[in-house]
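Some notes on the structure that comes next.
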Amino acid sequence: MAELCVIVGMGEGNGMAIARRFASEGFAIVMVARNEDKLKGYQATLETEGITAHYFLADAGDEAALTAAFAAIQAQLGTPEVLIYNAAVPRMESVLQTSYDTLVNDFKANVAGAIACVESILPAMQAEQKGTLLFTGGGFALYPDPNFVSLSLGKAGIRVLASTLHAALKDSPIKVGTVTICGTVNGNDPKYSSDRIAEEYWKLHIAENGEYETIY
């Protein structure tokens, strides 16, 4: 049976490119997002390319929905080999205009959803003594933008989460990594195309040198 790569926050850009990259190495793809119509479309596209793809519904900011989705994934398909947390709320809003509620709600999808996924999958990975946890970071973690305050806080949070998980799991076989993307994803850009970025996720998955972050 093929190993499973779960992508939370599946989308047509990096999500599809990551799915294709891991599938090229024999992985079956499991997609998690809240829009069923889009997921059905991604699934149909991947399956026409000969890629096995499954989907489960969950909003990345909803802990209960994520927990239920991962329970269903493990019950129906088994323990995933790779988790990729690719969800974020790309809100353009000034730090002078934002509100408490906005920051709290966006943080749920930008950061807290990632730890909910880890909590759901890590015990099974530890029991099987293998697994990789990868997170989509962003340049706002390094260069915060006052006009994207919630996303800047979110990418800083994901970077800290990846760093602390890496430190906490350094003596285990579970790998942790984050791709900090310091540019705008553009299919026509020789550096920031989704395919080039997807390759960085694969490199972190197979890396043996203990590095947890790729700044790209």
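Keep in mind that this is a model prediction, so the values were computed, not measured. Computed from heavy atoms alone, side chains included, the values below leave out hydrogens, waters and symmetry copies.
- The closest side-chain heavy-atom distance from Ile206 to Thr132 is not below 4.5 Å.
- Taking CD1 of Ile51 as the start and CE of Met16 as the end, the distance is 7.5 Å to the nearest 0.5 Å.
- Using modelled atom types and a 3.5 Å distance limit, the side chains of Glu213 and Thr180 yield a donor-acceptor pair.
- The shortest non-hydrogen separation linking Val8 to Cys117 is CG2-SG, 4.0 Å.
- Leu165 and Leu134 sit in two unconnected hydrophobic clusters of ILVMFWY residues. Membership requires side-chain heavy atoms under 4.5 Å apart, directly or through other members.
- The number of heavy atoms from other shown groups lying within 6.0 Å of CD (Glu12) does not exceed 12.
- Between the side chains of Arg21 and Ser24, at least one donor N or O lies within less than 3.5 Å of an accepting N or O.
- Screening Leu39, Val30, Leu66 for a side-chain contact (heavy atoms from CB on, under 4.5 Å) with Phe56, the sole residue that qualifies is Val30.
- Considering all non-hydrogen atoms of both residues, Gly9 and Asn86 come closest at O-ND2, 3.1 Å.
- A donor-acceptor distance shorter than 3.5 angstrom exists from the side chain of Gln129 to the backbone of Gln126, with no hydrogens or angles considered.
- A side-chain donor-acceptor contact under 3.5 Å links Lys155 to the backbone of Thr136.
- In terms of hydrophobic clustering, with Ile, Leu, Val, Met, Phe, Trp and Tyr side chains grouped at heavy-atom distances under 4.5 Å, Val89 and Val95 are assigned to different clusters.
- For the pair Asp106 and Leu151, the minimum side-chain heavy-atom distance is 4.5 Å or more.
- Using modelled atom types and a 3.5 Å distance limit, the side chains of Thr214 and Tyr201 yield no donor-acceptor pair.
- Side-chain contact between Thr98 and Ser150 is absent, with no heavy atoms from C-beta onward closer than 4.5 Å.
- Heavy atoms from other residues, nucleotides or ligands lying under 6.0 Å from CD of Glu93 number more than 12.
- Tyr42 has its ring centre no less than 6.0 Å from the ring centre of Tyr55.
- Remark: Lys175 engages Glu208 in a salt bridge, criterion side-chain N to carboxylate O under 4.0 Å.
- Taking hydrophobic clusters as Ile, Leu, Val, Met, Phe, Trp and Tyr residues chained together by side-chain heavy-atom distances below 4.5 Å, Ile158 does not share a cluster with Ile84.
- Side chains of Phe148 and Arg91 form no contact here, defined as non-hydrogen atoms less than 4.5 Å apart.
- Residues Met31 and Gln43 meet the side-chain proximity criterion, which asks for heavy atoms closer than 4.5 Å.
- Hydrophobic clustering keeps Met125 apart from Tyr212 (ILVMFWY residues linked when any side-chain heavy atoms are closer than 4.5 Å, directly or through intermediates).
- A donor-acceptor pair under 3.5 Å is formed between the side chain of Ser152 and the backbone N or O of Asp145.
- In the model, Thr102 has a side-chain atom that pairs as donor or acceptor with a side-chain atom of Ser99 under 3.5 Å.
- Considering all non-hydrogen atoms of both residues, Val32 and Ala58 come closest at CG1-CB, 3.8 Å.
- Classified by interplanar angle (parallel below 30°, tilted 30° to 60°, perpendicular above 60°), the ring pair Tyr85/Phe135 is tilted.
- Proximity of Leu103 to Val149: side-chain heavy atoms (C-beta onward) are separated by under 4.5 Å at one or more points.
- The pair Lys203-Glu199 does not count as a salt bridge, with every side-chain nitrogen at least 4.0 angstrom from each carboxylate oxygen.
- Considering every non-hydrogen atom in both Ala88 and Pro90, the closest pair reads O-CD, 3.4 Å.
- Gln74 places a side-chain N or O within 3.5 Å of a backbone atom of Ser120 that can act as its donor or acceptor partner.
- Grouping the Ile, Leu, Val, Met, Phe, Trp and Tyr side chains by contacts below 4.5 angstrom, directly or via other members, places Leu122 with Leu4.
- In this structure a side-chain-to-backbone donor-acceptor pair under 3.5 Å is missing from Ser163 to Arg159.
- Heavy-atom minimum distance, Ala28 versus Ala2: N-CB, 3.9 Å.
- Residues Tyr216 and Tyr192 have side chains in contact (heavy-atom distance under 4.5 Å, counting atoms from C-beta outward).
- Note: His205 and Phe27 meet the aromatic proximity criterion, with ring centroids under 6.0 Å apart.
- Taking SG of Cys5 as the reference point, atom CD1 of Ile18 lies at 7.5 Å (rounded to 0.5 Å).
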